[in-house]
2 protein chains.
Amino acid sequence: MIRVLVAEDQSAVRAGLVLILRSAPDIEVVGEAGDGEQAVALARELRPDLVLMDVQMPRLDGVSATRQVVGEGLADVLVLTTFDLDEYVFGALRAGAAGFLLKNTDAKDLIASVRTVARGEGIVAPAVTRRLIAEFAAKPARRATADPAVLDSLTRREREVLSCVGEGLSNADIAARLDMAEATVKTHVSRLLGKLELRSRVQAAVLAQELGL
Amino acid sequence: MIRVLVAEDQSAVRAGLVLILRSAPDIEVVGEAGDGEQAVALARELRPDLVLMDVQMPRLDGVSATRQVVGEGLADVLVLTTFDLDEYVFGALRAGAAGFLLKNTDAKDLIASVRTVARGEGIVAPAVTRRLIAEFAAKPARRATADPAVLDSLTRREREVLSCVGEGLSNADIAARLDMAEATVKTHVSRLLGKLELRSRVQAAVLAQELGL
DNA sequence: CCTGGACTGCATCTTTCGATGTACCGCGAG
DNA sequence: CTCGCGGTACATCGAAAGATGCAGTCCAGG
């Protein structure tokens with residue numbers, strides 16, 4: 001039995017969703033929320049397998065609520081919205097949603113999608129999949145030079161310093177943040193440059209960028 | 001009528017796919033290819049609406065063939081494979097595929113997917129959608145600071161220098177590459193730092209990275 | 001115990017960077 | 001014409017970054 005929490009502010013729409021979900025024998029609607037905060041609270045309390053989350057909601061929007069629910073590991077989230085704005089789609093997916101559907105999805109597909117997400121898989125409405133792919137392809141591929149393995153040769157302190165360098169901080173800035181003498185920062189920079197076979201902090205910064213700091 | 005080209009090296013599998021597609025009244029299989037090169041050639045000749053492309057193929061692999069077909073704007077490509085390796089998935093999507101399915105997809109879903117892609121939408125097998133979302137979310141969102149518009153305030157020479165800085169080059173390196181005195185490079189660096197409100201070449205390098213050089 | 005290695009820390013010295021002042025060229029407005 | 005302006009170019013000088021040598025700490029093995 002898949003335990004679902006429905007979060008949607010418009011009660012009529014919410015009732016429709018619940019009706020659809022109840023028609024599936026293997027799905028149980030364990031709770032309903034009328035805003036984002038309530039959704040997060042109920043997710044904490046009820047521990048559903050999945051939250052069906054609307055994007056536009058009062059008090060706490062669906063994207064933020066998704067971030068919290070997923071961040072706390074409470075449940076998978078399937079986001080639902082009327083408008084397939086890039087802002088919603090990408091925001092929801094970055095927030096950790098396992099799926100993204102439009103409200104014009106028919107009952108059969110909605111139920112199938114809930115089952116898919118409950119299986120630990122993902123589902124994205126075809127209408128937005130193209131844009132997701134395009135957005136994905138637009139991002140530069142992780143280069144061979146950006147192999148996270150090279151970080152293994154660095155010590156904890158060196159990694160911390162590298163991270164700061166990646167933010168564009170000066171040695172003095174780093175010294176202040178990590179509470180050490182500027183001279184010490186220079187030592188670490190010098191060492192990590194050597195280990196990574198780089199010739200300046202600029203290259204280190206670029207590398208840090210590619211590695212996502 | 002959706003005109004489809006099937007590219008798959010194993011003839012038994014290909015026959016199966018063709019059989020499935022022919023069972024749909026609105027789908028017409030206009031050609032079959034046994035390797036990647038043939039797939040590209042037939043796509044040029046037949047101009048199908050969609051190419052159903054296997055990844056593993058002799059002579060030219062499916063990903064490369066996809067890149068060519070999409071690059072020339074010949075048709076949409078729906079990639080099909082047995083193994084959902086990240087390398088295949090991400091490679092195919094970067095190559096411009098409109099969809100990615102696994103071979104365990106049943107006949108009904110395959111036909112539905114073909115129709116979806118033919119409508120100009122996208123489709124990704126649920127089993128890989130999660131990883132696609134995760135990979136997507138892992139990439140840093142385009143920051144507000146990485147607004148290409150800021151480049152407008154720079155002169156041609158300054159942009160060239162910025163690009164070099166982004167590669168991690170020293171002033172001396174840049175002077176050599178752009179054939180000017182090191183002192184001049186410093187001038188340009190100094191100016192662009194001012195215009196972009198940055199405090200060091202390191203930040204400039206990071207910015208250049210975000211802008212894709 | 002003590003010894004060697006890995007990590008962290010600081011001080012000194014050279015190189016590089018960046019700010020600043022100045023100069024030349026091309027071009028359009030007055 | 002000539003004046004002003006934007007782009008490009010170079011030299012000088014104080015401030016940073018980077019290389020190098022060395023000391024203290026912690027820990028694993030002998």
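Numbers restart at 1 for each chain; the letters A, B, ... are given by sequence-line order, proteins then strands.
- Residue A/L178 contributes atom CG, which lies 15 Å from atom C1' of C/dC10 at whole-angstrom precision.
- For D/dC10, the OP1/OP2 oxygens have a side-chain nitrogen or oxygen of B/T184 closer than 4.0 Å.
- Atom CG of A/L193 and atom P of D/dT20 are 12 Å apart (whole Å).
- One can place CD of B/E182 at 7 Å from P of C/dT16, the figure rounded to the nearest angstrom.
- D/dG7 atom C1' lies 12 Å from atom CZ of B/R159, rounded to whole Å.
- Per the geometry, CG belonging to B/L162 stands 14 Å off P belonging to D/dT8, to the nearest Å.
- In the set D/dC10, D/dT20, C/dG18, the nucleotide with an atom closest to the side chain of B/A181 is D/dC10.
- When distances are taken from the side chain of A/V189 to each of C/dC17, C/dC10, D/dG18, the shortest belongs to D/dG18.
- Separating the CZ atom of B/R201 from the P atom of C/dA19 is a distance of 11 Å, rounded to the nearest angstrom.
- Environment of CZ in B/R199: sparse, with no more than 12 heavy atoms of neighbouring residues, nucleotides or ligands closer than 6.0 Å.
- Per the geometry, NZ belonging to B/K186 stands 11 Å off C1' belonging to D/dA15, to the nearest Å.
- Tested against B/L198 for a side-chain contact (heavy atoms from CB on, under 4.5 Å), the candidates B/V206, B/V189, B/L193 yield a single pass: B/L193.
- B/L178 and B/R157 make their closest contact through O-NH2, 3.2 Å (heavy atoms, listed as atom of the first residue, atom of the second, distance).
- Each of B/R191 and A/N171 has a nearest nucleotide on DNA chain D; the 5'-most of these lies closest to B/R191.
- Rounded to a whole Å, the CZ atom of A/R199 is 13 Å from the C1' atom of C/dT16.
- For A/D179, the CG atom is loosely surrounded, since the number of other residues' heavy atoms within 6.0 Å does not exceed 12.
- Closest to the B/T155 side chain, of the nucleotides D/dG7, C/dA19, C/dG18, is D/dG7.
- Nearest nucleotide to the side chain of B/T187, out of D/dA11, D/dG18, C/dC17: D/dA11.
- With D/dT8, C/dT8, D/dG18 as the candidates, the nucleotide lying closest to the side chain of B/R157 is D/dT8.
- Comparing D/dT8, C/dC10, C/dC17 by their nearest atom to the side chain of B/R156 picks out D/dT8.
- Contacts of A/A183 with the nucleic acid, taken as non-hydrogen atoms under 4.0 Å apart, include base atoms.
- Taking a cutoff of 4.0 Å between a charged side-chain nitrogen and a carboxylate oxygen, B/D54 and B/R14 do not qualify as a salt bridge.
- In terms of phosphate contacts, B/H188 brings no side-chain nitrogen or oxygen within less than 4.0 Å of OP1 or OP2 of D/dT8.
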